[in-house]
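Data first, discussion second: the structure below is written as structure tokens.
Every number for a ligand or one of its atoms is a count from 1 in the order of the listing.
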Amino acid sequence: MCGIVGYVGPRDCSEVLVSALSKLEYRGYDSAGIAVFEDDKIKVAKSKGRLLDLVDKMKKEGRPCGHAGIGHTRWATHGEPSDVNSHPHSGKRVTLVHNGIIENYKEIKQFLIDNDRTFLSDTDTEVVAQLLDFYYDGNPIKTIHKVLREVRGSFALGIVFADHPGTVYATRCESPLIVGQGLGECFIASDVPAIIQYTKDYYLLEHDEIAVLKNGTVSFCDLHGRHIEKDLKTADWDPDSAEKGGYEHYMIKEIHEQPTSIKTTISPRIENGMPDLSECGITPQMLKGYRQIYIVACGTAMHAGMVGKYVIEKLARVPVIVDIASEFRYREPLINEDDLVIIISQSGETADSKAALELSKELGAKTLAIVNGKGSSIARAAEMVIYTHAGPEIAVASTKAYMVQISVMYLLAFEMAYANGKITEEECAKLTKSLMSTPDYIEKTIEDLIDDCQYISTKLITADSLMYIGRGLDYALSMEGSLKLKEISYIHSEAYAAGELKHGTISLITDGMPVIAVVTQNTLMEKTVSNIKEVKARGAMTIIVCDQYANIEGDVADYVIRVPQIDEILMPMVGIVPLQLLAYYTSVNRGNDVDKPRNLAKSVTVE
Ligand code: AGP
């Protein structure tokens, strides 16, 4: 879960590497480093801490000057964050950066120690650098091939050989890597945002392919050195979309981008007022007749799946099981060719979700991926793909990706329900129309609630712990609201099905403890309000999120946050907004690094 970059071209390489790494810090940010050919010698600069710490260090100690090199931003897996464990790592004639994990590094390390090699760091990466050096015979491709036959795991590597100045080699297995081609310059990167300010044209490097970047151009070969022709792709992202654009943090910018992201995602999938996924190659026939549906994902994406479960079951009347990818993959899931497995992922690179997809395919189930990362591993491996068009999501805390994931869940549920004959054409068109109107409501909700949420968050900042409660779709929202708050504010919180409280958890309620109750489902309102009264009677400070017309008695709530009333089934789309804003402002008010919360990384490409 790191970011790697590389550059060959006329620009100042250190500057390009630092700038590209700054767009990949979401992948990890506990140390950073670069290696650049300076006067035909590899010069390395690296430092524990954020990229800015590296920049400071280079200001004091000097930075490598040249036109070809590699860079890395790290999320530690093997060895604590420290200067010495930071990438790049070197053997005598080889220096490299690595994203991923080398599973058999211990055996290889022992083999190298037995052959008189010594190690500086605790990383698995240094083992690859030393092994390359051990086998190096002056032929980089041959040596990379030999090493790739011996290492096991997931990796994307950017490599420079001391006796090939000005050339960068790259290869990958499992971990993603793209190769950008600009005018007289070329790049490698773990993700498109890193290079988009320089070029929109890029190649997707496949497993066991090697890219050779030299004299500003790139060529590709297989492990035997045989030339490969590849298709150049063009990113449809605007370079500005990966910038903060005047906002203080990416997270708040991305919250504001939600209405546009929904429009861009759903518009191409609606024809004559009806959902139509043919643009994604999916016909109504492909969505019907399943025995059961599994939705498998991690974190926020899994919470989007929870919304999907309620909506698909309610409308299409097919049983839906939502599973955490890391659980699903190890418990021999009871699926077969009569089932559909839906994988949801923003990055499309999450290791557990990827493994769950592979397992589902092995077991014969049909697979459908809902993915934001274009050309990502999950998108490429699934039989059916619906891309969400959220653009780059940089903040570690996901907001707009969740929003587009649930908007796709709605479209899918409508089309499935109609295909299964569970709703009429008229009902389907009515629901689709309501969905199309949500971006305007969301925009209004953001504008109207910013001040309220900023104020109410000041009541949360000193809490040790809080609780989110709700029923049905509101429970699904509570789970997401709670995750959002804890990941960026570092305040402990739990999401609970409101009716389950009195079976144990109500004992946690103490005087003044904040309880955020989500009550957007009118059909369940009375029941949830009773549960709110129960916690209120035990001293809780209650914050209620409900629609604009909900009749909430004065003594039930300390604070009421009202969102527009839209079709009940679509209420999560407006209901999630205050939960995102509360989490955001609580984090800001506690002085946290909102976009880069401690211990986390955006793309979890390791188990
Ligand atoms: C949410 O705010 C998280 N950062 C996290 O839970 C994330 O949704 C999860 O890791 C899944 O990532 P993916 O969508 O890229 O697969």
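When only modelled atom types and interatomic distance are considered, Ser493 and Ser482 share a side-chain donor-acceptor pair under 3.5 Å.
Ring geometry, Phe187 versus Tyr198: the interplanar angle falls under 30°, so the pair is classed parallel (tilted spans 30 to 60°). In this structure, His72 and His87 have parallel ring planes: the angle between them is below the 30° cut-off, well short of the 60° mark.
Each of Ile321, Leu340, Leu287 was evaluated against Ile293; a single residue qualifies, Leu340, per the side chain to side chain contact (heavy atoms under 4.5 Å, CB included) test. Here the rule is side chain to side chain contact (heavy atoms under 4.5 Å, CB included) with Val563, and of Ile442, Leu449, Asp448 only Leu449 fits it.
Looking only at protein heavy atoms, the nearest one to atom 7 (C) of ligand 1 is Thr300 N, 4.1 Å. Atom 16 (O) of ligand 1 has as its closest protein heavy atom Thr350 OG1, 2.4 Å. Nearest non-hydrogen protein atom to atom 10 (O) of ligand 1 is Val604 CG2, 4.0 Å. The nearest heavy-atom contact from the protein to atom 15 (O) of ligand 1 is Ser347 OG, 2.6 Å. Distance from atom 3 (C) of ligand 1 to its nearest protein heavy atom, with residue and atom name: Glu487 OE1, 3.7 Å. Nearest protein heavy-atom neighbour of atom 4 (N) of ligand 1: Val396 O, 2.8 Å. In terms of protein heavy-atom proximity, atom 11 (C) of ligand 1 is nearest to Cys298 O, 3.3 Å.
Interface atoms of ligand 1 facing Ala397, defined by a heavy-atom separation under 4.0 Å, are 2 (O). Below 4.0 Å from some heavy atom of Gly299 lie the following atoms of ligand 1, by number and element: 6 (O). Residue Ala301 has at least one heavy-atom neighbour below 4.0 Å for each of these atoms of ligand 1: 8 (O), 14 (O). Every atom of ligand 1 with a heavy atom of Lys484 under 4.0 Å away is listed here by number and element: 1 (C), 2 (O). For ligand 1, the atoms closer than 4.0 angstrom to any heavy atom of Gln346 are 13 (P), 14 (O), 15 (O), 16 (O).
The pair Lys602-Glu393 meets the salt-bridge criterion, with a side-chain N (NZ, NE, NH1 or NH2) lying under 4.0 Å from an Asp/Glu carboxylate O. By the 4.0 Å N-to-carboxylate-O rule, Glu206 lies close enough to Arg380 to be salt-bridged with it. The pair Lys253-Glu257 meets the salt-bridge criterion, with a side-chain N (NZ, NE, NH1 or NH2) lying under 4.0 Å from an Asp/Glu carboxylate O.
In Lys314, the NZ atom is not crowded: 12 or fewer heavy atoms of neighbouring residues, nucleotides or ligands sit closer than 6.0 Å.
Considering backbone and side-chain N/O atoms, Ser398 comes within less than 3.5 Å of an N/O atom of ligand 1.
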